[in-house]
A.B. asks: 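Dropping the structure in here first, questions after.
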Number of protein chains: 2
Amino acid sequence: MNQVEIFKALANKTRLQILNWLKEPAENFPDQANADFENIGVCVGQIQIKAGLSQSTISEYLSILQRADLVSATRVGQWTYYKRNKEGIEKLSKIINSEL
Amino acid sequence: MNQVEIFKALANKTRLQILNWLKEPAENFPDQANADFENIGVCVGQIQIKAGLSQSTISEYLSILQRADLVSATRVGQWTYYKRNKEGIEKLSKIINSEL
DNA sequence: AATATATATCGACTTTTCCCGATATACCAA
DNA sequence: TTGGTATATCGGGAAAAGTCGATATATATT
């Protein structure tokens with residue numbers, strides 16, 4: 001994934017918020033709180049409700065974040081759970097410290 | 001300056017390159033090398049030549065970077081010199097480490 | 001004052017992004 | 001297999017960004 005695509009993914013208020021919410025999923029998505037919730041992530045519907053945009057928009061935003069390696073997805077049954085991708089975010093941090 | 005504007009400023013190949021060039025001005029702009037060059041920065045014309053886009057585009061790009069606090073400008077005679085803004089970049093680094 | 005040079009701003013056109021509703025797909029349950 | 005729910009994809013209209021050439025402004029030189 002190239003650097004410009006990463007920054008484009010971050011250049012949107014809602015997508016930044018989602019990433020920020022996923023940093024503390026238990027606090028930000030109390031409705032979905034359950035056992036392996038921290039491991040698996042948060043499902044699209046919960047994120048959509050919180051963001052207040054349409055389902056299609058949020059689905060697309062999540063895939064933009066995923067293509068930028070900022071989140072990862074796991075399908076379980078009819079749900080897709082998204083969570084923060086620590087590695088991708090660390091890589092971004094390194095880009096900023098070494099190239100900017 | 002809000003976070004989205006910072007990431008928008010970075011969401012462009014040429015602007016990322018400029019920032020990267022300004023990290024090592026002596027290497028990247030040998031034509032302008034002179035005494036206080038490291039302190040004052042690089043003038044618009046040099047950046048424009050290296051980027052290969054029009055003068056107006058580069059002038060605008062530099063002001064986008066400046067509004068995002070990623071570079072700072074100094075006018076000296078008819079030249080405007082731009083340089084990396086260390087503080088702004090550090091602030092960005094902190095945002096990534098604390099909020100993403 | 002007239003001219004030259006560097007940069008900034010303006011107006012326009014093209015491409016990309018934002019965001020939606022509609023529809024398709026995948027999975028589940030009866 | 002029929003219907004229900006979650007998510008993804010598609011098509012499109014509006015807004016923003018990319019980029020240019022033309023022009024304006026600021027400064028320097030003669």
Side-chain angles (χ1 to χ4, degrees), chain A residues 1-19 21-22 25 29 31-32 34 37 40-68 70-83, chain B residues 1-19 21-22 25 29 31-32 34 37 40-68 70-83:
Chain A
M1 173 54 53
N2 83 71
Q3 298 179 196
V4 174
E5 293 305 314
I6 298 173
F7 289 117
K8 278 186 182 172
L10 294 168
N12 174 279
K13 181 165 155 253
T14 302
R15 290 193 298 264
L16 272 183
Q17 275 183 324
I18 291 172
L19 231 33
W21 292 334
L22 292 179
F29 301 94
D31 290 359
Q32 190 192 291
N34 70 41
F37 165 75
I40 201 169
V42 180
C43 73
V44 179
Q46 293 288 315
I47 297 170
Q48 192 239 315
I49 290 166
K50 183 143 178 139
L53 293 180
S54 74
Q55 187 272 321
S56 55
T57 298
I58 297 305
S59 176
E60 192 187 344
Y61 281 9
L62 288 167
S63 76
I64 290 170
L65 290 171
Q66 187 182 19
R67 279 198 296 279
L70 296 167
V71 303
S72 61
T74 314
R75 182 112 199 188
V76 178
Q78 39 194 155
W79 292 275
T80 307
Y81 296 90
Y82 283 91
K83 66 171 188 173
Chain B
M1 173 53 55
N2 82 71
Q3 297 179 197
V4 174
E5 293 305 313
I6 297 172
F7 289 117
K8 278 186 182 172
L10 294 169
N12 174 281
K13 180 164 154 255
T14 303
R15 289 193 298 265
L16 272 182
Q17 275 183 324
I18 291 172
L19 231 32
W21 292 335
L22 291 179
F29 301 94
D31 291 358
Q32 190 193 289
N34 68 41
F37 164 76
I40 201 168
V42 180
C43 73
V44 180
Q46 293 288 315
I47 297 170
Q48 192 238 313
I49 290 165
K50 184 143 178 138
L53 293 180
S54 74
Q55 187 272 321
S56 55
T57 297
I58 298 304
S59 177
E60 193 187 345
Y61 280 10
L62 288 167
S63 76
I64 289 170
L65 290 171
Q66 186 182 19
R67 279 198 297 278
L70 296 167
V71 303
S72 60
T74 315
R75 181 112 199 188
V76 177
Q78 42 194 153
W79 293 275
T80 307
Y81 296 91
Y82 283 90
K83 66 172 189 175

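Throughout, protein chains are lettered first and strands after them, A, B, ... in sequence-line order, and every chain is numbered starting at 1.
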A.B. asks: Under the rule for side chain to side chain contact (heavy atoms under 4.5 Å, CB included), what residues qualify as partners of Q55(A), not counting sequence neighbours?
C.D. replies: Q48(A), S59(A)
A.B. asks: Taking only residues two or more places apart in sequence or in another chain, which ones pass salt bridge (charged side-chain N to carboxylate O under 4.0 Å, His left out) with K83(A)?
C.D. replies: none
A.B. asks: Excluding sequence neighbours, so at least two apart, what forms side chain to side chain contact (heavy atoms under 4.5 Å, CB included) with T80(A)?
C.D. replies: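 In terms of side chain to side chain contact (heavy atoms under 4.5 Å, CB included), with neighbours along the sequence ignored, T80(A) is linked to V44(A), A73(A), R75(A), Y82(A).
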A.B. asks: Set out, line by line, the N/O atom pairs under 3.5 Å between protein and nucleotides 27-30 of chain C.
C.D. replies:
none

A.B. asks: Residues in side chain to side chain contact (heavy atoms under 4.5 Å, CB included) with W79(A), at least two apart?
C.D. replies: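 Here the qualifying residues are C43(A), Y81(A).
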A.B. asks: Of the residues in residues 8-18 of chain A, which ones touch DNA chain C at a heavy-atom distance under 4.0 Å?
C.D. replies: K8(A), A11(A), N12(A), R15(A)
A.B. asks: Under the rule for side-chain hydrogen bond (donor to acceptor under 3.5 Å, both in side chains), what residues qualify as partners of S56(A), not counting sequence neighbours?
C.D. replies: S54(A)
A.B. asks: Which is true for T80(B) with a 4.0 Å heavy-atom rule: it touches a base, it touches only sugar-phosphate, or it touches nothing?
C.D. replies: sugar-phosphate
A.B. asks: Holding to side chain to side chain contact (heavy atoms under 4.5 Å, CB included), I want the full list of residues that pass it with Q17(B), two or more places apart in sequence or in another chain.
C.D. replies: W21(B)
A.B. asks: Rounded to whole angstroms, how far apart are CD on Q48(A) and C1' on dA8(D)?
C.D. replies: 13 Å
A.B. asks: Return the NZ to NZ distance between K8(B) and K13(A), rounded to the nearest 0.5 Å.
C.D. replies: 11.0 Å
A.B. asks: Give one of base, sugar-phosphate or nothing for T57(A), where a contact means two heavy atoms less than 4.0 Å apart.
C.D. replies: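 The residue T57(A) makes base contact.
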A.B. asks: dG21(D) base to S54(B) side chain: any donor-acceptor pair below 3.5 Å?
C.D. replies: no
A.B. asks: Check this for me: does the side-chain of Q55(A) come within 3.5 Å of the base of dA6(D) through a donor and an acceptor?
C.D. replies: no
A.B. asks: Counting only side-chain heavy atoms from C-beta out, which of dT7(C), dC18(C), dT7(D) sits nearest to Y61(A)?
C.D. replies: dC18(C)
A.B. asks: If you check the Y82(A) side chain, which of dT9(D), dC19(C), dA8(D) turns out closest?
C.D. replies: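 Per side-chain heavy atoms of Y82(A), the pick is dA8(D).
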A.B. asks: Which whole-number value in Å describes the distance from Q46(A) CD to dT5(D) P?
C.D. replies: 16 Å
